[in-house]
Amino acid sequence: MSIVYLNGSYMPLEEAKISPMDRGFLFGDGIYEVIPSYDGNLVGFGPHIDRMVEGLALIGIDFDFSADQWRAVCETLAAKNEGDNLGVYLHVSRGADTKRFHAYPDNIDATVFAFVFEIPPAPVADKAKVKGYKVATTEDLRWKRCNIKSTALLGNVMHFQQGHSEGNNETILYNSDNEMTEGSACNAYIVKDGVVITPPLDHQILPGITRLMLLDILRKDGSIKVEERPVTMDEVRGADEVWLTSSSKEIAPVVEIDGRPVGQGGVGDVWVKAQTLYSAAKSNY
Ligand code: PMP
C-alpha cells in the first residue's frame, strides 16, 4: 500500500482526497517536481527545490515551505514506502476556490501533495546493459512558457502519446525554425565529432536538473567539450549520438529516430564516458 503526503499529513493513497474545485484539477494551475532517490539518497535535491520555488513565484503562488520541510517530506515518504529506486513527486497547486473563475483568488490555501513511485535502477555506463531509446519526431506545439514546470502537461502528454502510439519510447520536438527543442518529458542533446551540443535555456525548454548537473559535471571534468546553442533537425539526423536526460532516466542514449539508426546504429562511446562521469559525481548535487 502506498503512503502519500497531503496538506501536512501522511496517509494511505486511498484516503487522500482533494476538492474537485481545486485549481490544479480545473486549470492545471500548479507546479511540480520529480526528485530521484536511490537507497534513500536524493539526487539534485537543492536544484530541484530551487526550480520549484522559482516556478511557484513565476505563477504567483504564495507558498512558504522551507527546503528542510521539503526534505523531510521526501525522506519520510521514501522511508514509509517500499522500493530502493524511487521518484519523489512533489506538487503544489493554487488550491480550491468556491467557484470556477480564471483570476487568482485571494486567501485560498495551496494544496500540497507528494507521493513516491518506482523508477528503474540508476543506469550504469555499460553499452550492453543500457536501454537504447527509439524516438519519433514532431513539431513542438506546446505553449511559450515551457521553462515553467507546470502541472498543465496536456501538450507534453499529447506529444508523448504521438511517439508512444507508434511504438517509440519518446518524441523529440522541433520548433517552426526546424530546431530541436526537447523531448516530451526530457531534455535532448546531440554529439558530433566528440562535442556534446544542447539547445540553450529559454522559454522553449524546461531547465532540467539532470541537464544542469550533466553540463556542470562535463565542464568541470573538461575532457568532453560542451556547447549550448540551437541544434537543427538536420544536425540531429546527422549526429554521431543523440541523448535524452531526465531525473528518472539520467542520460538515455537514442538508437533510432523515426525508424532510422542514429550514428553507427548503437550506443556511442561518448555516452559511456558521460554516464561514467555522471554516475561518479551525481551524489555531489
Ligand atoms: N523537459 C521536460 C518537458 C520534462 O518533463 C522533464 C522532466 N521529466 C525534463 C525536461 C527533464 O528535467 P529533469 O532533468 O529535471 O528531470
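Predicted model, so just to flag it, every value in this text is computed and none were measured. We're numbering straight along the sequence, starting at 1. Indexing begins at 1, ligand by ligand and atom by atom, following the structure's order.
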Fellow cluster residues of L173, listed by chain then number, with links counted only when side-chain atoms sit under 4.5 Å apart: none
Give me each pair satisfying ring-ring contact (aromatic ring centres under 6.0 Å, His included) with a member in residues 165-188, each pair once, sequence neighbours excluded. none
Let me have the donor-acceptor pairs involving side chains of residues 102-112, under 3.5 Å, with sequence neighbours excluded, atom names and distances please.
{"residue": "Y104", "atom": "OH", "partner": "I59", "partner atom": "O", "Å": "3.2"}
{"residue": "T111", "atom": "OG1", "partner": "D22", "partner atom": "OD2", "Å": "2.5"}

Is it true that E228 and R211 make a salt bridge, defined as a side-chain N closer than 4.0 Å to a carboxylate O? yes
Could you go through ligand 1 and list every pair where one of its N or O atoms sits under 3.5 Å from a protein N or O, giving the atom names and the distance to one decimal?
{"residue": "ligand 1", "atom": "1 (N)", "partner": "E182", "partner atom": "OE1", "Å": "2.7"}
{"residue": "ligand 1", "atom": "8 (N)", "partner": "A185", "partner atom": "O", "Å": "2.9"}
{"residue": "ligand 1", "atom": "14 (O)", "partner": "I209", "partner atom": "N", "Å": "3.3"}
{"residue": "ligand 1", "atom": "14 (O)", "partner": "T210", "partner atom": "N", "Å": "3.0"}
{"residue": "ligand 1", "atom": "14 (O)", "partner": "T210", "partner atom": "OG1", "Å": "2.6"}
{"residue": "ligand 1", "atom": "15 (O)", "partner": "R51", "partner atom": "NH1", "Å": "2.9"}
{"residue": "ligand 1", "atom": "15 (O)", "partner": "R51", "partner atom": "NH2", "Å": "3.0"}
{"residue": "ligand 1", "atom": "15 (O)", "partner": "I209", "partner atom": "N", "Å": "2.8"}
{"residue": "ligand 1", "atom": "16 (O)", "partner": "S247", "partner atom": "N", "Å": "2.8"}
{"residue": "ligand 1", "atom": "16 (O)", "partner": "S247", "partner atom": "OG", "Å": "2.7"}

Are any of the side-chain heavy atoms of I119 and Y38 separated by less than 4.5 Å? yes
Geometric cation-pi criterion K131 and Y133, 6.0 Å radius, 45° cone: yes
